[in-house]
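Single-structure report; data block below.
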Amino acid sequence: MTNSSKDTARLTQTDTARQLIGWLWRKFLSKHVALLALSVVFMAVEGSMMGALSWMMQPMFDLVFIEGKTSALWWVGLAILGIFIARAIASMGQKILLTQIAQKVAARLRTQLLDRLMLLDNAFHQEHPPGYLIQRVQNDVNQINTVWSTVITGAGRDVIALIVLMSVAVSVDWKWTLVAFIGIPFLVLPSLIVQKFVRRRAREARDLGARLATRLDEVFHGIIAVKLNRLEDYQSRQYRELTDDLVKTEVRSAAGVAAIPGLIDMMAGVGFLGVLVFGGSEIIAGDKTVGQFMTFFTALGFAFEPLRRLGAVSGQWQVAAASIERLKELLETEPKLHSPAQPKALPVGHSDIIFDDVHLSYGETKVLNGASFTAKAGETTAIVGASGAGKSTLFNVLTRLVDPQSGRVLIGDTNIADLKLEELRDQFSVVSQDAMLFDESLRENILLGRPRITEKQLMGVLDAAYVSDFVKKMPDGLDTRVGPRGSGLSGGQRQRVVIARALLRNTPFLLLDEATSALDAQSEVMVQQALDKLSERHTTLVIAHRLSTVRDADKIIVMDKGRVIEEGGHEELLAQNGTYADLYNLQFTTSGPTAEEVAKRRNVPKVKQTRPRKSIWAKMMGRLPRI
Ligand SMILES: Nc1ncnc2c1ncn2[C@@H]1O[C@H](COP(=O)(O)OP(=O)(O)OP(=O)(O)O)[C@@H](O)[C@H]1O
Ligand SMILES: [Mg+2]
């Protein structure tokens, strides 16, 4: 199941409009109640001015045009001018106020979303790709923003306009008014159907938008892979298919939104015809003046406009509701991994790290399978083993990026699950395979917002991590921007920046996951020295494939299929002649054991030697007639 279809499934139980508006009100709008009230006053003025204008038709026609009173000309004219000026001021005022509220609400919503998303677990982020989340934070908030302003303006201004205009119409003749609006109740059922349709289409459109954003995000992040694998056509096709779907869905949704005003227009036509036939005869009979008729018709003409807009509001609301639902759901998603209600204090001083029978699986895949070991305080413990053995996962468990299904991880005698999450993570500096840099200056990437670092301290760290070497060659030195994800630096430079970060953090524990893998032999020696110096003062866990880097570790543990199969010092493990010895010999002795010897030592059955088979290609060629 794709993410988006999962989403649709989860969101089928639609929140009612009242719940959504209630939520939006409580969380965001209620903070701006004074400004909202003022903008509603402006809207009321704007809305009622059309009623006033239509009301002025009566004196204009009866006194000025028919009776020809010049004195009335002035006051009627000035009153109409006043009405337009009041409308202009009110309209501007409400727009400014509403934009202000809308922008503030959007900003708050975005910040809250980001805070919540940063809080959510890795599992959540694996299920929801960055593009999808960016779409939520940017576009869905925009949707809400524009639409709820339209809805509020519509509901505020247009409802008031409608009430005033209807009152004017009723004041002229209630029977005419009844005739004019007689068709409206027949619109209720179709409009409910259309609303459902629009909500569904809007949801589809949002999902497609998120998938489009995800694809863009993947293409731009993986632009080099796209080019090198010649994926341009493939990506372009995939993107085009999605955009085609989006076009269809958006057009359908817009058709739905436009359907209600369309129906209202038709009803308006019927209403006008009815009143003309019904009311015209009364004027001819002399029961009503032309002025009264004009006032009624103007009020009616004006009334259908807000009515059309209100008809559209319900559709627009459905579009916004699709976005609000999603944002509400995101904001209400709780992280599964969190600090305990009553966190314990961390043990003082350096402590051992103990893994005790830790089991962890991702779905059916067992990754840690009873991992147990102790990393002694102040020592360096190396973790080696085949790719996929679960080494990095140990670090993820230790920093609580993921919780194991069973077993305990202790710092000293405190279970890490009993510690405050932030405090736990403050204990570790992690230098990993993929050095994570932000698109900021080198300086910011190293300081990461820590203001109390002196220039001298910083320089010391830069020297120790061999960052100074390449900073000198950068155009703006430490103020050079490193590009998205540090793409302006080489892999080795990025790793050195991350090492500098770790030096500066100066935490009790140092976790190195292939920290020097991207360095050339010369820099590796230098950085290794820096790390060695650092590990002297820290409890260090180091994962390495290159065994030369772990030879001097106080203890080496060998992982295989999620458990520790050997542990001890380098010499000790060599003497055991087990997996470590095999790995070591493979890496360091040119006359090391052959694959066959390794298999024999591990009691792996020897692969039966058969005569090399002809490849399918050779067979096919053999069948072809010789030319
Ligand atoms: N988030 C995840 N979801 C599903 N499976 C995962 C996840 N993270 C890791 N795995 C699986 O767990 C296993 C162990 O991964 P891990 O990264 O710990 O290996 P490793 O020993 O560090 O390997 P390497 O030396 O290649 O870095 C792998 O088979 C991997 O597919
Ligand atoms: Mg790894």
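Ligands are counted one by one from 1 in listed order, and the atoms in each one are counted from 1 as well.
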Can you see whether H570 engages D552 through a side-chain donor-acceptor pair at a distance of less than 3.5 angstrom?
no

So, do F28 and W23 sit near enough that their side-chain heavy atoms are less than 4.5 Å apart?
yes

Are any of the side-chain heavy atoms of F438 and V482 separated by less than 4.5 Å?
no

Distance only, no hydrogens: is a donor on one side chain within 3.5 Å (strictly under) of an acceptor on the other, for S468 and D463?
yes

Which protein residues have a heavy atom closer than 4.0 Å to any atom of ligand 1, listed by chain and number?
Q126, Y362, V367, A386, S387, G388, A389, G390, K391, S392, T393, Q433, H545

Output yes if S432 passes the N/O/S-under-2.8 Å test against the Mg ion (ligand 2); output no otherwise.
no

Is it true that D439 and R481 make a salt bridge, defined as a side-chain N closer than 4.0 Å to a carboxylate O?
yes

Can I get a per-line list of side-chain donor-acceptor pairs under 3.5 Å for residues 362-381, giving both atom names and the distance, sequence neighbours left out?
unit_1: T365; atom_1: OG1; unit_2: Y362; atom_2: O; d: 3.3
unit_1: S372; atom_1: OG; unit_2: D357; atom_2: N; d: 2.7

